[in-house]
**Student:** 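Would you mind keeping the following structure in view while I ask a few things?
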Amino acid sequence: MPDLNTTRFPVPVDAALRDAGWQPGRWDIVRAEEWADALRAHITPAGHLHTVFPAAVEAWAEFGGLRITGQGPGRQIAPATVRIDPLAGIHLARTLSDLGRSLDTEISPLGEEGEGQAVLAIDTAGRVYSIDHTGDWYLGPTIDRALGSLVTGMTPTRLTSV
């Protein structure tokens, strides 16, 4: 009997990604660079700028434009619908900069959860975060793990100040 889990993702995450149009080897660097240019060009009224770095561009190139929806009830909470589009966070340069400063890293927008209920962000090491009206959340050390948590309904870790 063949192994059904032959991808880098658990079966339910792989299925949700494929339903959204992802496949191994997907890579749209042109679109990712367009997003990078748009973010670099955006300056908030207070003069805040976005940072763009390889981990963000790579995530956009592989998953950009996808709308990923988990199926089922979720393991701990309801699965999130995720849209990978960094322009969802274009107006949050200061918020992302503040979060990055508190974590001693740089942060770039990644996309959103639901219909704008939360903005997803990624740091220079590839760690993924969610920022919503209730606070800042850690989703995982990689985009793969973060997508797995979101799609399968795993409870994220709340970031707290020390």
Side-chain angles (χ1 to χ4, degrees), residues 13 16-17 19-22 26-70 74 76-162:
V13 179
L17 284 166
D19 285 349
W22 176 86
R26 182 180 192 272
W27 195 256
D28 188 350
I29 196 65
V30 172
R31 187 177 205 184
E33 289 296 338
E34 289 170 355
W35 280 327
D37 292 343
L39 288 169
R40 283 186 193 107
H42 182 78
I43 303 171
T44 69
H48 296 94
L49 303 169
H50 282 284
T51 57
V52 175
F53 40 82
V57 175
E58 290 168 10
W60 304 335
E62 183 172 9
F63 300 104
L66 296 180
R67 183 178 173 83
I68 308 154
T69 304
Q76 297 168 329
I77 59 174
T81 297
V82 178
R83 183 173 65 97
I84 305 298
D85 179 348
L87 298 186
I90 196 163
H91 298 292
L92 297 176
R94 179 179 180 180
T95 300
L96 297 178
S97 176
D98 289 349
L99 177 59
R101 193 170 28 265
S102 72
L103 297 172
D104 196 27
T105 188
E106 293 181 325
I107 306 267
S108 192
L110 180 63
E112 67 181 358
E113 285 184 64
E115 298 300 321
Q117 284 92 350
V119 171
L120 300 174
I122 189 168
D123 73 11
T124 57
R127 295 176 294 238
V128 178
Y129 308 90
S130 178
I131 298 102
D132 67 15
H133 70 283
T134 66
D136 305 326
W137 304 87
Y138 176 68
L139 298 174
T142 65
I143 189 164
D144 291 14
R145 293 275 298 279
L147 289 173
S149 294
L150 291 162
V151 168
T152 62
M154 299 295 294
T155 303
T157 302
R158 186 180 185 97
L159 298 176
T160 57
S161 51
V162 196

**Student:** Looking only at heavy atoms, what is the nearest atom pair of Thr51 and Ser108, with distance?
**Tutor:**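 The pair with the smallest heavy-atom distance is O-OG, 3.0 Å.
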
**Student:** Which residues pass the ring pair (Phe, Tyr, Trp, His ring centres under 6.0 Å) test with His42, not counting sequence neighbours?
**Tutor:**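 So His42 forms a ring pair (Phe, Tyr, Trp, His ring centres under 6.0 Å) with His91.
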
**Student:** Does the side chain of Leu103 reach to within under 4.5 Å of the side chain of Leu159, using non-hydrogen atoms?
**Tutor:**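 Yes, at least one pair of side-chain atoms sits under 4.5 Å.
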
**Student:** Check the surroundings of atom CZ in Arg26: do more than 12 heavy atoms from other residues, nucleotides or ligands lie under 6.0 Å from it?
**Tutor:**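 Result for CZ/Arg26: enclosed.
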
**Student:** For Leu120 and Leu139, what are the C-alpha separation, side-chain angles and deciding distance, and is it a side chain to side chain contact (heavy atoms under 4.5 Å, CB included)?
**Tutor:** CA-CA 9 Å; Leu120 300 174; Leu139 298 174; 3.6 Å; yes

**Student:** What pair of heavy atoms forms the shortest contact from Ala61 to Ala32, and how long is it?
**Tutor:**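 That would be N-CB, 3.7 Å.
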
**Student:** Can you pull the salt bridge (charged side-chain N to carboxylate O under 4.0 Å, His left out) pairs that have at least one residue in residues 103-112, sequence neighbours excluded?
**Tutor:**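 Every pair satisfying salt bridge (charged side-chain N to carboxylate O under 4.0 Å, His left out) with a residue in residues 103-112: Arg83-Glu112.
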
**Student:** Take Asp123 and Tyr129 through the test side-chain hydrogen bond (donor to acceptor under 3.5 Å, both in side chains) and record every step on the way to the result.
**Tutor:** CA-CA 8 Å; Asp123 73 11; Tyr129 308 90; 2.8 Å; yes

**Student:** So, taking the atom named CG in Leu66 and the one named CG in Asp85, what distance separates them when rounded to the nearest 0.5 Å?
**Tutor:** 11.0 Å

**Student:** Under the salt bridge (charged side-chain N to carboxylate O under 4.0 Å, His left out) definition, can you give me all pairs with a residue in residues 39-68, not counting sequence neighbours?
**Tutor:**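 Counting only pairs at least two positions apart or across chains, the salt bridge (charged side-chain N to carboxylate O under 4.0 Å, His left out) contacts touching residues 39-68 are Arg8-Glu62, Asp37-Arg40, Arg67-Glu115.
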
**Student:** First locate atom CD1 of Ile143, then atom CG of Leu110, and finally report the distance between them rounded to the nearest 0.5 Å.
**Tutor:**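 Ile143 CD1 to Leu110 CG: 4.5 Å, rounded to 0.5 Å.
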
**Student:** Before you tell me yes or no, could you show the steps for Asp132 and Thr134 under side-chain hydrogen bond (donor to acceptor under 3.5 Å, both in side chains), namely the whole-Å CA-CA distance, both residues' side-chain angles and the distance that decides it to 0.1 Å?
**Tutor:** CA-CA 5 Å; Asp132 67 15; Thr134 66; 2.6 Å; yes

**Student:** Which distance, rounded to the nearest 0.5 Å, do you find between the CD1 of Ile77 and the CG of Leu150?
**Tutor:**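 Result: 8.0 Å between the selected atoms.
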
**Student:** What is the minimum heavy-atom distance between Thr69 and Ala16, and which atoms define it?
**Tutor:**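 Scanning both residues, the minimum pair turns out to be O-CB, 3.5 Å.
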
**Student:** Could you please spell out the steps behind the side chain to side chain contact (heavy atoms under 4.5 Å, CB included) verdict for Leu92 and Ile131?
**Tutor:** CA-CA 10 Å; Leu92 297 176; Ile131 298 102; 5.8 Å; no

**Student:** Do you know which two heavy atoms are closest between Pro109 and Trp60, and how far apart they sit?
**Tutor:** O-NE1, 3.1 Å

**Student:** Looking at residues at least two apart in the chain, or sitting in another chain, which of them share a side-chain hydrogen bond (donor to acceptor under 3.5 Å, both in side chains) with Arg145?
**Tutor:**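 Once residues adjacent in sequence are excluded, Arg145 has no partner under the side-chain hydrogen bond (donor to acceptor under 3.5 Å, both in side chains) criterion.
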
**Student:** Specify the closest pair of heavy atoms between Trp35 and Ile84, including all atoms of both residues, with the distance to one decimal.
**Tutor:** CH2-O, 4.0 Å

**Student:** Could I get the full list of side chain to side chain contact (heavy atoms under 4.5 Å, CB included) partners for Ser149, not counting sequence neighbours?
**Tutor:** Met154

**Student:** Supply the atom-to-atom distance Leu147 CG to Leu17 CG, rounded to the nearest 0.5 angstrom.
**Tutor:** 6.0 Å

**Student:** Please answer whether the main-chain N or O of Thr155 pairs with a side-chain N or O of Gln76 as donor and acceptor at a distance below 3.5 Å.
**Tutor:** yes

**Student:** Between CD1 of Ile122 and OG1 of Thr142, what distance do you get to the nearest 0.5 Å?
**Tutor:**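 Output value for this atom pair is 8.5 Å.
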
**Student:** What's the separation between atom CD1 in Ile107 and atom CZ in Arg127, rounded to the nearest 0.5 Å?
**Tutor:**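 CZ of Arg127 is found 8.0 Å from CD1 of Ile107.
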
**Student:** Considering the options Val57, Val52, Val119, Leu39, which one meets the side chain to side chain contact (heavy atoms under 4.5 Å, CB included) requirement together with Pro86?
**Tutor:**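 Of Val57, Val52, Val119, Leu39, side chain to side chain contact (heavy atoms under 4.5 Å, CB included) with Pro86 is met by Leu39 alone.
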
**Student:** If every non-hydrogen atom of Gly148 is compared with every non-hydrogen atom of Val13, which pair is closest and at what distance?
**Tutor:**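 Smallest interatomic distance, heavy atoms only, reads CA-CG2, 3.6 Å.
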
**Student:** Once ring pair (Phe, Tyr, Trp, His ring centres under 6.0 Å) is applied, what residue pairs with a partner in residues 101-128 remain, sequence neighbours excluded?
**Tutor:** none

